[in-house]
Number of protein chains: 2
Amino acid sequence: MNEIAPRKTLPRLDESLLTHLPPFSRLEKRQIRTILDQATSRRYDAGVAVFEEGHDADRFYMLLDGYVRVVRITPTGEQVTALHIPAGQLLGIAKAIGRDTYPATAMTATESIALSWPMRLWDTFVTEYDGFATETYKTLGHRVGEMNTRIVELATQQVEQRVANALLRLINQTGRKVDGGIEINFPITRQDLSELTATTLHTVSRLLSGWEKQGLVESKRKRIKVCDPHALVVLSQG
Amino acid sequence: MNEIAPRKTLPRLDESLLTHLPPFSRLEKRQIRTILDQATSRRYDAGVAVFEEGHDADRFYMLLDGYVRVVRITPTGEQVTALHIPAGQLLGIAKAIGRDTYPATAMTATESIALSWPMRLWDTFVTEYDGFATETYKTLGHRVGEMNTRIVELATQQVEQRVANALLRLINQTGRKVDGGIEINFPITRQDLSELTATTLHTVSRLLSGWEKQGLVESKRKRIKVCDPHALVVLSQG
DNA sequence: TCAACTCTTTGACCTAGCACAAAGTCCGCC
DNA sequence: GGCGGACTTTGTGCTAGGTCAAAGAGTTGA
């Protein structure tokens, strides 16, 4: 099981952390200061839970750095990744959808840093801070769209297409241009990729081996570089 | 393609239509009157689109009677049902998630009746009517939960379990107690069921035939009666 | 430098459920 | 009342991709 580590307040936070992030970008310096003073900052190792499904939704988060995946764990213990959340987005906003427990578990995919606030401040944020609610709901809308897409993919696409799509999404969100291609910016195992695409690590491994032979990708342990994104797009279309 | 039929105003609407529905239940009679006076009422035949994916989200709806399924259509023309919405719920609330086009198509599963309002009234509803926003976001939260569940199902369950689950959900939402079991309250084809569970009508047909032989269900053309829900629950658990 | 992990690859086999095909049944309409 | 269309059933392959098994290759730390 994943322990949830205790929070820890770090030295005074700088305002520039938030000023460029949409939910806060319309606020005055003074407001941002207040928000930061109420925040708790914390670093998370890779692979730990930020919060867990079913637990009391007592805090909401802003991911400042790193990458989080939102997973659900089935009765039989399999993990299914429902969403990936990149830095700069809110997380654990159960209150926004009228829930008082978290509907899923959030696990870090890499080492990450997040601010968090007690959920009792939620209503204040929504009413006091101009643009906060709107931006939050946009994020929500975006996520609903992604979930929809995922449902359609699962329902209609072959494994090969799904894996290709997942890879493309990952390099779009977190790709880093490197020599000879675009590399996924954090360590990711075949197992992770299989949980994202609802297949087995064996199948993912076979697919990647095949693609590597064709020169579409290069990969080492926990690292994947896409050399020919266009070919992947073609594959992903079936 | 599905034509979207023109709206038509019916005779003066009665307040009791809304008073017992959560988004409106806290309002005063006077407010409900205003809301109704601004509403357009319309009847939809079975199998027509209430609104379509990608179109301008210019109205939001309250389903008063009937049943709507929210579908997405893939590039290859297959339909995937993302959600089922029963009477008494809001529909087409794109604005609530910061979108200005509808993210999916809503098709009636039966003959249905819905009220609708121009989207420009949305903000008024949210700010003026006590409880409206909260209830709306609860609905949204509920739907997000359902989508999550669907993703997990698609990712981990066998076809038989998914079909069993779909049937159970349908009788829970719209089951009508009848002689010898619970019947789904509207006409539903094997094709519909296969779109709900991401399989083929052939497989659904085979499964239902099998279950019928074991006495779990009885079905005629477009009608399904579940005789032994408990056995279905067992099946659905794998 | 070796032991213990964790991650990856590859092979051999097997089966759930899809595709294709054809026939049967129910229903509304002319 | 019978014709045409919409729905359903059932049979016969076939194959994508899962399962099981085993071995190889990085990584960590003592």
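Heavy-atom basis, side chains included; hydrogens, waters and symmetry copies ignored. Order of the sequence lines sets the chain letters (A, B, ...), proteins ahead of strands, with each chain counted from 1.
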Touch class at under 4.0 angstrom, heavy-atom based, for B:Ser209 against every strand present: sugar-phosphate
NZ/NE/NH1/NH2 to OD/OE distance under 4.0 Å, A:Glu153 and A:Arg169: yes
Rounded distance in Å - [atom1] ([X]) to [atom2] ([N]):
{"X": "A:Trp211", "N": "C:dT10", "atom1": "CH2", "atom2": "P", "answer": "15 Å"}
{"X": "B:Arg223", "N": "D:dT8", "atom1": "CZ", "atom2": "C1'", "answer": "16 Å"}
{"X": "B:Leu201", "N": "D:dA6", "atom1": "CG", "atom2": "C1'", "answer": "12 Å"}
{"X": "B:Glu212", "N": "D:dT10", "atom1": "CD", "atom2": "C1'", "answer": "15 Å"}
{"X": "A:Lys222", "N": "C:dT8", "atom1": "NZ", "atom2": "P", "answer": "8 Å"}
{"X": "A:Glu218", "N": "C:dT8", "atom1": "CD", "atom2": "P", "answer": "16 Å"}
{"X": "A:Lys220", "N": "C:dT8", "atom1": "NZ", "atom2": "P", "answer": "13 Å"}

Protein-to-nucleotide contact annotation, 5' to 3' order, nucleotides 16-23 of chain C [B base; S sugar-phosphate only; - none; under 4.0 Å, heavy atom]: SSSBBB--
Please identify each residue that fulfils side chain to side chain donor-acceptor pair (under 3.5 Å) with [X], with sequence neighbours left out.
{"X": "B:Thr200", "result": "B:Thr203"}
{"X": "B:Arg176", "result": "B:Glu183"}
{"X": "B:Gln158", "result": "none"}

Give each protein N/O atom lying under 3.5 Å from an N/O atom of nucleotides 25-28 of chain D, with the pair distance.
none

Distance-only polar pair, side chains of A:Arg221 and A:Thr189, donor-acceptor under 3.5 Å: no
Donor-acceptor side-chain pairing of A:Thr74 and A:Thr76 below 3.5 angstrom: yes
Option from B:Glu195, B:Glu78, B:Glu53 for which salt bridge (Lys or Arg N to Asp or Glu O under 4.0 Å) with B:Arg72 holds: B:Glu53
Five-pair end axes of the helix from C:dT1-D:dA30 to C:dC30-D:dG1, angle between them (10°): 40°
Of all residues at least two apart in sequence or in a different chain, which pass the salt bridge (Lys or Arg N to Asp or Glu O under 4.0 Å) check with [X]?
{"X": "A:Arg162", "answer": "none"}
{"X": "A:Glu160", "answer": "none"}
{"X": "B:Asp179", "answer": "none"}

Partner residues of A:His84 under the ring pair (Phe, Tyr, Trp, His ring centres under 6.0 Å) criterion, sequence neighbours left out: A:Tyr67
Any side-chain heavy-atom pair of A:Phe186 and A:Lys222 under 4.5 Å: no
For DNA chain C, the residues among residues 181-196 of chain A that have a non-hydrogen atom under 4.0 Å from it: A:Thr189, A:Arg190
Of all pairs that satisfy salt bridge (charged side-chain N to carboxylate O under 4.0 Å, His left out), the ones with a partner from residues 229-238 of chain B, not counting sequence neighbours: none
